[in-house]
Protein chains: 2
Amino acid sequence: MLVRISDRRKPNTIDDFGFGSASHKTISLMEFRYRKGTEIYGEKEPADHVYQVKRGAVRSYKLLSDGRRQIGAFHLTGDIFGLETGDQHRFTAEAVVETTVHLIKRESLQVIAATDAVVARNLLSMTTRNLEHAENHLVLLGRKTAVERVAAFLAEMDRRTEAHTMSLPMSRRDIADYLGLTIETVSRAVSRLRCEGVLNFVGNTQREIVILDRQLLQSFDPQN
Amino acid sequence: MLVRISDRRKPNTIDDFGFGSASHKTISLMEFRYRKGTEIYGEKEPADHVYQVKRGAVRSYKLLSDGRRQIGAFHLTGDIFGLETGDQHRFTAEAVVETTVHLIKRESLQVIAATDAVVARNLLSMTTRNLEHAENHLVLLGRKTAVERVAAFLAEMDRRTEAHTMSLPMSRRDIADYLGLTIETVSRAVSRLRCEGVLNFVGNTQREIVILDRQLLQSFDPQN
DNA sequence: CGATCCTTTGAAGGACGTCAAGGTCTGTGG
DNA sequence: CCACAGACCTTGACGTCCTTCAAAGGATCG
């Protein structure tokens, strides 16, 4: 269910969306804001829009009938999410923190893609990037140990963060559900990495992390 | 490395490949055969061809540096695999049993896709199908128990098999590496499902399986 | 500054992995 | 056709890594 907090219409281009079509500047972007924890769309809902994170963070997850949750991806500033080829969303998307998104109608994108090969090509390469991420995550979930998973997660977040210290928007529970672990195991793994000098906390919160030794962090990744 | 055993050139159409382009009948399909266990292509090798299983079965997997293996998918008769958007394969593909494949040059496919919107669309929907499979597998690997995983695997194979009894081409090791388990755990889960009347072995081999109660099998899947 | 949520840490339990042994199936060669 | 070798599968005993349960220490927000 879409919780509309702000609906200021902002005439804009879709270039920011990365579809690379400079020729369709007429499409307007809408800006929405979601409070922490609110749902952006639900699994199996019709996929009418494509989203881009303007500020904040989003989690995409699937639930099992008994409440077990698997987060498939986190979407950070600049990321596009909710792009479907079929007409249903395959994940539920929620704002991890207060989040602003841009969104465009999927329909308009598909109309463009039908004639513009560049846009069509970009749709494919975005889907491929998602596939690639999922494939790597399969290996993590199927074959890596707890410490390896946490190290891989931190390496991924570090890679996606420009600043020197990361401010993780998601809770230990989110991290655990992303890595197929429990919060306690995540906490223990982080503690261990901290003891071994890989990272340290910054300030007076456990979500601000600085990587002290990237090479040492890398050494925990058995991939490649 | 491609191990060419048979290279009879067969003039053919690419319709069988399911790209839905009746207008490009000039492209020839090559038929290759791979012996049991031989590599079809390796991870990070240039992706020059797209493959379709004509007979047999193929496993796609990634290896960790210490030999841990995660199988991402099994490709059975009719399945297309090795379709990449980038120019490298992201998995290693091996013949599970003696396998015959058709293959076409990726280049020719890409040339067609650039002008033919139908082919381009099919490339996208095939990639999306792969993505969807990977996403469901994430949930299995991250959040399902051993019995749930094996039940889901059997349900998947059952769904993809037309015959009443399945003849699994892959070993317990393959199944284990697909499900993120060990062979012993897979064996125990199968035994348990057999005790509970979900399935039974057929003939004098443990790879011929008949599902006795599909509804009971379904009941082991906590998804949806 | 109190209430609540989140995180950490310890202790105990359990599901799956490891190790080991024996049974089954398959292919090969006598 | 049988004998043997080797690979594969099953089953049991035991170990271990992760989970569960519990409690206490931060962090956040009113």
Side-chain angles (χ1 to χ4, degrees), chain A residues 35-37 59 64 66-70 96-98 140-151 153-154 167-195 199-209 220 222, chain B residues 35-37 59 64 66-70 96-98 140-151 153-154 166-196 199-209 220 222:
Chain A
R35 281 204 217 72
K36 178 176 176 175
R59 56 181 171 249
L64 297 185
D66 59 359
R68 279 174 283 178
R69 184 177 69 158
Q70 179 62 47
V96 173
V97 291
E98 166 125 357
L140 180 147
L141 293 172
R143 287 303 180 209
K144 290 188 186 175
T145 68
V147 172
E148 288 167 352
R149 293 180 201 202
V150 171
F153 168 74
L154 292 171
S167 167
L168 299 179
M170 67 290 285
S171 68
R172 294 291 189 261
R173 166 142 305 284
D174 287 334
I175 298 172
D177 286 347
Y178 180 59
L179 300 179
L181 300 168
T182 61
I183 53 175
E184 293 94 334
T185 301
V186 170
S187 184
R188 276 183 254 268
V190 170
S191 293
R192 193 178 138 196
L193 290 173
R194 195 152 66 107
C195 285
L199 60 87
N200 209 346
F201 291 157
V202 179
N204 52 2
T205 165
Q206 293 116 325
R207 297 206 189 171
E208 289 268 338
I209 289 179
F220 283 91
Chain B
R35 279 203 217 68
K36 178 177 176 176
R59 57 181 170 248
L64 298 185
D66 58 359
R68 280 174 282 178
R69 185 178 68 159
Q70 179 62 47
V96 173
V97 291
E98 166 126 357
L140 181 147
L141 293 173
R143 288 301 179 212
K144 290 189 186 173
T145 67
V147 172
E148 288 168 352
R149 293 181 201 202
V150 171
F153 168 74
L154 292 170
M166 314 184 253
S167 167
L168 299 178
M170 68 290 285
S171 68
R172 294 293 189 260
R173 166 143 304 287
D174 288 333
I175 298 172
D177 286 348
Y178 180 59
L179 300 179
L181 300 169
T182 62
I183 52 175
E184 293 93 334
T185 301
V186 170
S187 185
R188 276 184 255 267
V190 171
S191 294
R192 193 178 138 198
L193 291 172
R194 195 151 66 106
C195 285
E196 302 205 15
L199 60 88
N200 209 347
F201 291 157
V202 179
N204 52 1
T205 164
Q206 293 117 326
R207 296 206 190 170
E208 288 270 337
I209 289 179
F220 282 91

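So that the names make sense, note that chain A is the first sequence line, chain B the second, and so on, each numbered from 1. The analysis underlying the following values was restricted to heavy atoms, covering all of them including side chains, and did not include hydrogens, waters or symmetry mates.
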Identify each atom pair where a protein N or O and an N or O of nucleotides 26-30 of chain D are less than 3.5 Å apart, giving names and distance.
{"unit_1": "D:dA27", "atom_1": "OP1", "unit_2": "A:Asn204", "atom_2": "O", "d": "2.8"}
{"unit_1": "D:dA27", "atom_1": "O5'", "unit_2": "A:Asn204", "atom_2": "O", "d": "3.2"}

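Distance check: B:Glu196 CD to B:Phe220 CZ gives 4.0 Å after rounding to the nearest 0.5 Å. Between the CZ atom of A:Arg149 and the OG1 atom of A:Thr185 there is a distance of 9.5 Å, given to the nearest 0.5 Å. With values rounded to the nearest 0.5 angstrom, A:Arg35 atom CZ is found 7.5 Å from A:Glu98 atom CD. Once rounded to the nearest 0.5 Å, the distance linking CG of A:Leu193 with CG of A:Asn200 reads 11.5 Å. Going from atom CG of A:Leu141 over to atom NZ of B:Lys144 covers 13.0 Å, rounded to the nearest 0.5 Å. Of the inter-residue distances, the one linking A:Arg69 atom CZ with A:Asp174 atom CG reads 5.0 Å to the nearest 0.5 angstrom.
In this structure, CZ of A:Arg68 is placed 10 Å from P of D:dT20, rounded to the nearest angstrom. A:Arg69 places its CZ atom 15 Å from the P atom of D:dT19, with the value rounded to the nearest Å.
A heavy-atom distance below 4.5 Å is found between the side chains of B:Leu168 and B:Phe153.
You can see that DNA chain C meets the heavy atoms of chain B within a 4.0 Å-exclusive cut from C:dC16 to C:dC25, reading 5' to 3'.
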### Message
Between B:Arg188 and B:Leu181, does the side-chain contact (heavy atoms from CB on, under 4.5 Å) criterion hold? Intermediate values first, please.
### Response
CA-CA 11 Å; B:Arg188 276 184 255 267; B:Leu181 300 169; over 6 Å; no

### Task
Decide side-chain contact (heavy atoms from CB on, under 4.5 Å) for B:Arg194 and B:Ile209; before the verdict, give the C-alpha distance in whole Å, the side-chain angles of both, and the deciding distance to 0.1 Å.
CA-CA 10 Å; B:Arg194 195 151 66 106; B:Ile209 289 179; over 6 Å; no

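Nearest heavy atom pair, residue B:Arg143 against residue B:Glu148, reads O-OE1, 4.4 Å.
Within residues 180-194 of chain B, the residues approaching DNA chain D are B:Glu184, B:Ser187, B:Arg188, B:Ser191, by heavy-atom distance under 4.0 Å. Using a 4.0 Å cut-off on heavy atoms, the residues of residues 167-176 of chain B that approach DNA chain D are B:Ser171, B:Arg172, listed by number.
Here B:Arg173 pairs with B:Asp177 under the salt bridge (charged side-chain N to carboxylate O under 4.0 Å, His left out) rule; sequence neighbours left out. When the side-chain contact (heavy atoms from CB on, under 4.5 Å) test is applied to A:Thr205, the partners found at least two apart in sequence or on another chain are A:Arg207, A:Glu208.
A:Tyr178 does not carry A:Arg59 over the face of its six-membered ring by the limits of under 6.0 Å from the centre and within 45° of the normal.
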